[in-house]
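Letters A, B, ... mirror the listed sequences (proteins, then strands); counts begin at 1. Remember, predicted model here, so these are calculated numbers, not experimental data.
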Protein chains: 2
Amino acid sequence: MIDLAILGLLTEQDLHGYELKKRLGELLSGRASISFGSLYPALARLEAQGHVKAVDQPTAAPITPMTGSLAGELSAFKARVRESSIVKVGGRGKKVYGITDAGRGRLVELMTDPDLSDDRAFTLRVAFARHLDSNPRLELFERRRTELLGRRDALSRRTADRRHDRYLGALQERDADHLANDLAWLDRLIDLERTPSMQSTEEHS
Amino acid sequence: MIDLAILGLLTEQDLHGYELKKRLGELLSGRASISFGSLYPALARLEAQGHVKAVDQPTAAPITPMTGSLAGELSAFKARVRESSIVKVGGRGKKVYGITDAGRGRLVELMTDPDLSDDRAFTLRVAFARHLDSNPRLELFERRRTELLGRRDALSRRTADRRHDRYLGALQERDADHLANDLAWLDRLIDLERTPSMQSTEEHS
DNA sequence: TGTTCGCTACATCGATTCGATACATCGCAA
DNA sequence: TTGCGATGTATCGAATCGATGTAGCGAACA
């Protein structure tokens, strides 16, 4: 779900397409990046639906606009733009997108979608979990836990009838390890969520 | 790469579309199944390329073909077909596919493809690893190991500059665990491959 | 000075894949 | 016999990918 990725990122900061792609690549640790061939159509779709809209200035630090149009003034303006925000965002390129109220609503929908079978989508939801209230967040984790338990059962049931070769067996072993790993990890997250210590989740620094 | 999945499965037994989908679902433990919308076009493509071809009988047990065309004869034929092999394969449905020599060549190409970045494709290659010679198989594992080491480095480098929130951090932790897990698993596989004990990999059965 | 290179940025192309759906046939049970 | 669920092939539109094409810009270098 590319919409989830886009809306989640735009919740934190207005961005243009290229930056979106880069951020997402970092967020998901290299793998599971998105391609331009899906990004730009998705942005157009979201804009048509009113979930995002093009803005002319990055929100981070409003830049004093150009007054004249002389060459010297121009380059000074560019320099101001370039250094205005922590990372360069919408330097010269066009089309900086921001999220709308409708988009924020849509994001909540996507975050609380009952389908937990898509691993990539779940990863994205965790990445944006701070935008979720404590309650649905906890529910997200617990429903994911149920999903993983189901997979583990299915896997162990499949392991029963084995006339596999060595490599099939190794794959199942790897799956089981991953599953156990993820479950332990989820349990840790759930515990952290339940203990009311440190409610300040270093809110949007 | 759906071609890899199809050719790999057909190497072991002639199958029709529906069976292919089921087998693949089992093979990959539920997740990562393929859809009909990609399966049938892929089969048509592979047939056009000469990598698979439609066969009229499942290989398992050749069935005496129909001689007449009377209704009684027909149902008897169907019954014979249905009970001819261990699992029902091509029961009444048409289009049982088998792999060709060209297809086998293509499979080797896909199995030894240098791109190890696609996790799904790598999993499939391991699942069909028994069809590979010992040498390219070992190489497959070792190149995958290099790939994973690269990811781990990238990840730890990214962990350095952290102003993440709690959930981002948790995701990175999970990735690191998975990576360590996979590397240990791969090392075990490589060790097994290197020790010349038990060269009989319970060949095709 | 200008020229070349690489990065940023937007955009589109064809091919692949997905998810849904349609439409038959079969086996089985109410 | 009727109706339902599993089997089976097939196609549709939408989503996505990977490749490629464009430009502008800054830095390096002759």
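- Distance, L15(B) CG to dG8(D) P: 11 Å, rounded to whole Å.
- Enclosure of atom CZ in R143(B) by more than 12 non-hydrogen atoms of other residues, nucleotides or ligands within 6.0 angstrom is indicated.
- When the C1' atom of dG14(C) is taken as reference, atom CZ of R45(B) falls 13 Å away, rounded to whole Å.
- Side chains of L20(A) and L10(A) form a contact here, defined as non-hydrogen atoms less than 4.5 Å apart.
- Picking from dT12(C), dA11(C), dA9(C) the nucleotide with the shortest atom distance to the side chain of P41(A) gives dT12(C).
- Contacts of L39(A) with the nucleic acid, taken as non-hydrogen atoms under 4.0 Å apart, are absent.
- Side-chain nitrogen and oxygen atoms of Y18(A) include none within less than 4.0 Å of the OP1 or OP2 phosphate oxygen of dC10(C).
- Listed nucleotides: dT16(D), dT17(C), dT9(D). Nearest to the side chain of F36(B): dT9(D).
- A tilted orientation is assigned to the rings of F141(A) and Y167(B), their planes being inclined by 30° to 60°.
- For the pair D118(B) CG and dC17(D) P, the interatomic distance rounds to 12 Å; values are reported in whole Å.
- Other residues, nucleotides and ligands place more than 12 heavy atoms under 6.0 Å from the CG atom of D153(A).
- Residue H16(B) has its side chain nearest to dG8(D) when only dG8(D), dA15(D), dC17(D) are considered.
- Atom CD1 of I2(B) and atom P of dC17(D) are 17 Å apart (whole Å).
- Going from atom CE of M1(B) over to atom P of dC17(D) covers 15 Å, rounded to whole Å.
- For Y40(A) and dA11(C), the shortest distance from a side-chain N or O to OP1 or OP2 is not below 4.0 Å.
- If you take NZ of K95(A) and P of dA23(D), they are 18 Å apart, rounded to a whole angstrom.
- G37(B) comes within 4.0 angstrom of a base, heavy atoms only.
- Rounded to an integer number of Å, the gap from CD1 of I34(B) to C1' of dC18(C) is 11 Å.
- Using a 4.0 Å cut-off, no side-chain N or O of S35(A) falls inside it from OP1 or OP2 of dG18(D).
- Summarising the geometry, the separation between CG on L43(B) and C1' on dT16(C) is reported as 14 Å, rounded to the nearest angstrom.
- Taking only side-chain nitrogens and oxygens, R120(B) never comes nearer than 4.0 Å to OP1 or OP2 of dC17(D).
- Of the candidates dC18(C), dT16(D), dT7(D), dT7(D) carries the atom nearest the K22(B) side chain, counting heavy atoms from C-beta on.
- Counting only distance, with no hydrogens or angles, the side chain of R104(B) and the backbone of T11(B) share no donor-acceptor pair below 3.5 Å.
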